[in-house]
Amino acid sequence: MRMDFQLISDYQPTGDQPQAITTLTKNINQGISEQVLLGVTGSGKTFTMANVVAQLNRPTLVISHNKTLAAQLYQEFKSFFPKNAVSYFVSYYDYYQPEAYIPQSDTYIEKETEINEEIDKLRLAATTNLLTRKDTLIVSSVSCIYNIGSPKEYGSFILEMRSGMEVTRESILARLVNLQYERSDYGFHRGTFRVRGDTLDLFPAYADTAVRIEHDGKRVTKLRKIDPLTGNTIEELSLYVLYPAKHYMTDPQQNKAVFKVIEADLEQQIQLFKSHQKLLEAQRIQQKVRFDLEMIQELGYVNGIENYSRYFDGRNPGDAPYTLFDYYQETYGNEWLLIIDESHMTVPQIRGMYNGDRARKEVLVNFGFRLPAALDNRPLRFDEFLRRIPQTVYVSATPAQWEVERAQHNATTIQQLNNRAIEQSVVGAKKSLTVENGGAQNIPAVIEQLIRPTGLIDPEVTIRPVGNQVANLEIEIRATISNGQRVLVTTLTKRMAEDLSTFLEEKGIKVHYLHSDVLTLERSDILDDLRAGKYDVIVGINLLREGLDLPEVSLVAILDADKEGFLRSEVSLIQTMGRAARHVSGRVIMYADVVTGSMQRAIAEVKRRREIQLAYNQKHNITPTGISKPIRDKLVTTEETVDDPVFGSTKRKSDERKLLEIKDESLTPQDAKRLIKKLETEMRHAAANLDFEFAAELRDRIRELKQSSML
């Protein structure tokens with residue numbers, strides 16, 4: 001099994017990728033704990049990080065702020081490291097309704113989930129890879145800071161089998177049940193096993209292949225890796241190690257001691273409620289916890305077992321939960337690498353996770369739905385997160401001041417230590433340190449990657465008055481369209497986006513608006529239609545969505561650019577202007593009567609980047625070339641049809657919208673049940689294709705239908 005990262009690519013580092021790779025790697029080897037990669041859109045930041053990972057040869061965690069971008073990064077890294085263990089770790093719910101209580105209306109909402117088996121497999125594969133392979137790279141959402149149980153418990157719950165090993169079949173079956181595998185002789189799928197005479201077939205929860213164990217009553221006679229569908233042998237095995245089917249594991253031998261602690265806490269909570277005359281809450285918590293303990297004792301698992309994880313993990317009240325970080329640290333200490341992608345958005349999201357989770361669970365505890373221990377089933381606090389991170393690279397086209405300052409402070413500290421070591425060393429050692437550390441005089445905290453492999457430069461920026469912005473915009477749009485190019489326009493409100501779209505359409509321009517009210521799949525379709533030429537102009541509110549790659553766009557117009565706020569902040573303006581950086585003739589027009597501080601800083605930064613890029617092209621005699629990029633295939637195909645006597649023949653992606661538009665009042669209770677079932681099928685289909693936004697939209701519609709029909 002390969003234990004080193006092997007980067008496979010048809011490309012070689014170009015532009016300033018080589019210096020970025022060299023500097024990042026050198027800094028990490030010298031002990032720099034945090035640094036920033038400032039890479040402009042289209043400069044190949046992912047390829048740079050892949051090269052760094054390959055050179056360092058360390059287990060790596062990449063965090064992204066949303067599932068969709070995480071999926072794109074996972075696919076990219078998997079293509080760069082096809083022979084290594086590249087894994088995907090995000091929330092495995094197609095549908096997730098957290099447990100909650102609303103005191104104002106006395107409404108209890110039970111936890112309800114739809115688990116995506118494919119993502120669950122990838123999550124389990126990620127932790128299994130971490131415990132067994134050094135060449136592991138995991139791409140994760142902020143799900144990595146949530147509780148997943150102790151890595152020691154997970155790693156100790158294994159079943160090791162060898163060909164010829166003396167063991168009874170009953171012992172194997174009992175161990176499989178302890179590892180949370182279920183017997184299913186007729187529905188063989190991940191996380192199950194089946195028994196046929198002397199043969200036992202096992203389908204690991206984290207794999208695509210199954211294992212066949214042949215047993216003669218006394219010993220294992222043969223181990224084979226098989227195709228779970230056909231049963232054909234893929235590989236003969238001499239040894240096989242099986243890991244659990246779930247992350248939360250409980251040791252039956254320790255359960256009695258743990259139950260005593262839970263019972264003591266339960267009694268204490270009951271007395272607390274009674275002392276405050278909260279008899280309903282006292283009865284509620286007693287009934288809830290006793291039921292859960294009975295389920296754990298009988299089955300080893302219960303829905304919501306994570307709320308008791310503090311007891312089974314041996315943690316004290318207030319202790320941080322075990323997360324994916326602990327799996328890294330348990331196996332590799334601090335000898336692993338963390339990459340935070342789009343750090344200007346991911347870091348604030350990590351910072352905000354704890355408070356929202358805490359507020360919801362405090363209500364559940366105060367009203368007797370959970371023991372106080374449930375508060376310790378939580379995401380990491382930000383200070384806990386910072387204490388757990390290893391050497392870290394923040395990656396962004398617009399890094400926030402927070403990560404820049406941390407990187408600068410760390411670089412200054414290391415630089416001072418290096419200089420002090422040089423001063424105190426003998427002459428020979430001083431010479432050696434000076435050569436190794438480049439003199440230890442200037443350790444870069446922010447590594448810039450401003451040169452694009454295609455030679456494309458950042459767009460030119462001009463400012464024009466607001467007074468006649470619409471009339472002037474129309475002229476600029478027509479000039480751009482005449483050259484076969486596309487236009488993006490950003491406004492401040494949905495109403496203005498729609499009104500401007502109507503105005504331009506009346507003028508004979510092919511235009512569409514884009515904002516949050518547009519259905520998720522339709523947003524992607526509209527952008528694809530812009531590239532294909534069905535539309536020449538898109539008018540939107542916030543066109544900063546990650547993955548917005550439109551090489552045909554040469555003009556970005558920003559209306560009311562002088563209205564300070566989130567949509568016109570320095571970071572937002574730089575991100576928006578970057579949408580024009582994919583075209584040779586890229587340009588930006590800001591309509592403003594006053595040059596705000598955000599505008600001034602954003603324009604200065606784009607100008608600085610542009611000058612560096614022009615100088616590089618001139619020095620190396622590079623002529624910028626446009627990007628020719630095919631329109632990506634749809635995540636959900638349009639050919640698959642489903643015939644239904646009530647809802648008609650529907651095509652996935654294009655016509656499934658009709659299902660969402662069916663009014664509640666037109667449905668009988670039976671029709672409502674059937675519609676919910678169809679929507680659940682589509683939800684799972686969308687999630688399996690990594691279209692999580694649309695899956696969430698379907699989830700919300702299912703919830704509405706269940707509430708309106710009281711199902």
Side-chain angles (χ1 to χ4, degrees), residues 1 85 87-89 92 115-133 136 148-149 151-253 296 298-302 305 327 688:
M1 181 180 295
S87 303
Y88 183 58
F89 190 93
Y92 51 36
I115 293 178
N116 184 304
E117 290 186 4
E118 183 67 21
I119 296 179
D120 191 24
K121 179 206 80 171
L122 293 172
R123 283 170 61 94
L124 289 163
T127 50
T128 302
N129 286 338
L130 268 182
L131 298 178
T132 57
R133 299 182 60 165
T136 295
I148 59 170
K152 290 183 179 179
E153 290 294 321
Y154 181 80
S156 64
F157 276 81
I158 63 171
L159 172 59
E160 184 175 313
M161 292 172 289
R162 290 185 175 85
S163 181
M165 182 174 70
E166 292 188 4
V167 61
T168 65
R169 191 180 70 166
E170 289 71 23
S171 297
I172 296 176
L173 296 178
R175 187 59 173 168
L176 289 177
V177 172
N178 287 340
L179 295 179
Q180 298 300 319
Y181 284 86
E182 299 178 0
R183 180 166 180 170
S184 180
D185 290 339
Y186 301 103
F188 193 47
H189 54 85
R190 290 189 187 95
T192 66
F193 64 91
R194 64 188 178 193
V195 181
R196 295 177 176 177
D198 293 335
T199 301
L200 187 154
D201 290 342
L202 167 67
F203 202 158
Y206 46 84
D208 293 318
T209 56
V211 176
R212 177 160 292 169
I213 306 165
E214 296 184 14
H215 198 278
D216 65 2
K218 294 182 179 180
R219 63 178 59 84
V220 175
T221 57
K222 185 179 290 187
L223 287 171
R224 289 183 288 164
K225 184 183 293 184
I226 64 170
D227 185 307
L229 181 62
T230 64
N232 294 335
T233 300
I234 299 174
E235 181 185 358
E236 298 282 346
L237 302 172
S238 59
L239 169 69
Y240 188 78
V241 178
L242 177 71
Y243 283 83
K246 292 182 173 64
H247 281 125
Y248 296 104
M249 300 298 300
T250 63
D251 187 345
Q253 296 179 352
I296 295 173
E298 293 298 323
L299 303 177
Y301 190 81
V302 68
I305 192 174
Y327 280 75

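Treat the numbers as computed from the prediction; the structure is a model and nothing was measured.
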Q.
side-chain contact (heavy atoms from CB on, under 4.5 Å), that's the test. Do Leu200 and Leu176 meet it? Break it down for me.
A. CA-CA 11 Å; Leu200 187 154; Leu176 289 177; 4.0 Å; yes
Point to revise | Candidate pair Ile172 and His215, rule side-chain contact (heavy atoms from CB on, under 4.5 Å), full reasoning | key: CA-CA 10 Å; Ile172 296 176; His215 198 278; 4.2 Å; yes
- Would Arg162 and Val220 satisfy side-chain contact (heavy atoms from CB on, under 4.5 Å), going step by step from the backbone distance to the final call? CA-CA 7 Å; Arg162 290 185 175 85; Val220 175; over 6 Å; no
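The shortest non-hydrogen separation linking Thr192 to Tyr181 is N-CD2, 3.9 Å. Taking both residues in full, the closest heavy atoms of Ser163 and Leu237 are given as CB-O, 4.3 Å, listed atom of the first, atom of the second, then distance. Looking at every heavy atom in both residues, Asp208 comes nearest to Arg190 through OD1-NH2, 2.7 Å. Minimum interatomic distance between Arg183 and Val195 (heavy atoms only, all atoms of both residues): NH2-CB, 3.6 Å.
Scanning for side chain to side chain donor-acceptor pair (under 3.5 Å) contacts around Asp216 gives an empty result, with sequence neighbours left out. Every side chain to side chain donor-acceptor pair (under 3.5 Å) that Thr233 has, sequence neighbours left out, goes to Arg224.
Under the 4.5 Å side-chain criterion, counting only non-hydrogen atoms from C-beta, Glu235 is not in contact with Thr209. A heavy-atom distance below 4.5 Å is not found between the side chains of Tyr240 and Ile213. Between Pro204 and Leu242, the closest side-chain pair of non-hydrogen atoms falls below 4.5 Å.
For the atom pair Asp201 CG and Ser184 OG, the distance stands at 11.5 Å (nearest 0.5 Å). If you take CG on Leu223 and CD1 on Ile226, they are separated by 11.5 Å, rounding to the nearest 0.5 Å. Between Leu122 atom CG and Tyr206 atom OH the span is 14.0 Å, to the nearest 0.5 Å.
Using a 4.0 Å cut-off between charged side-chain N and carboxylate O, Arg212 and Glu214 make no salt bridge.
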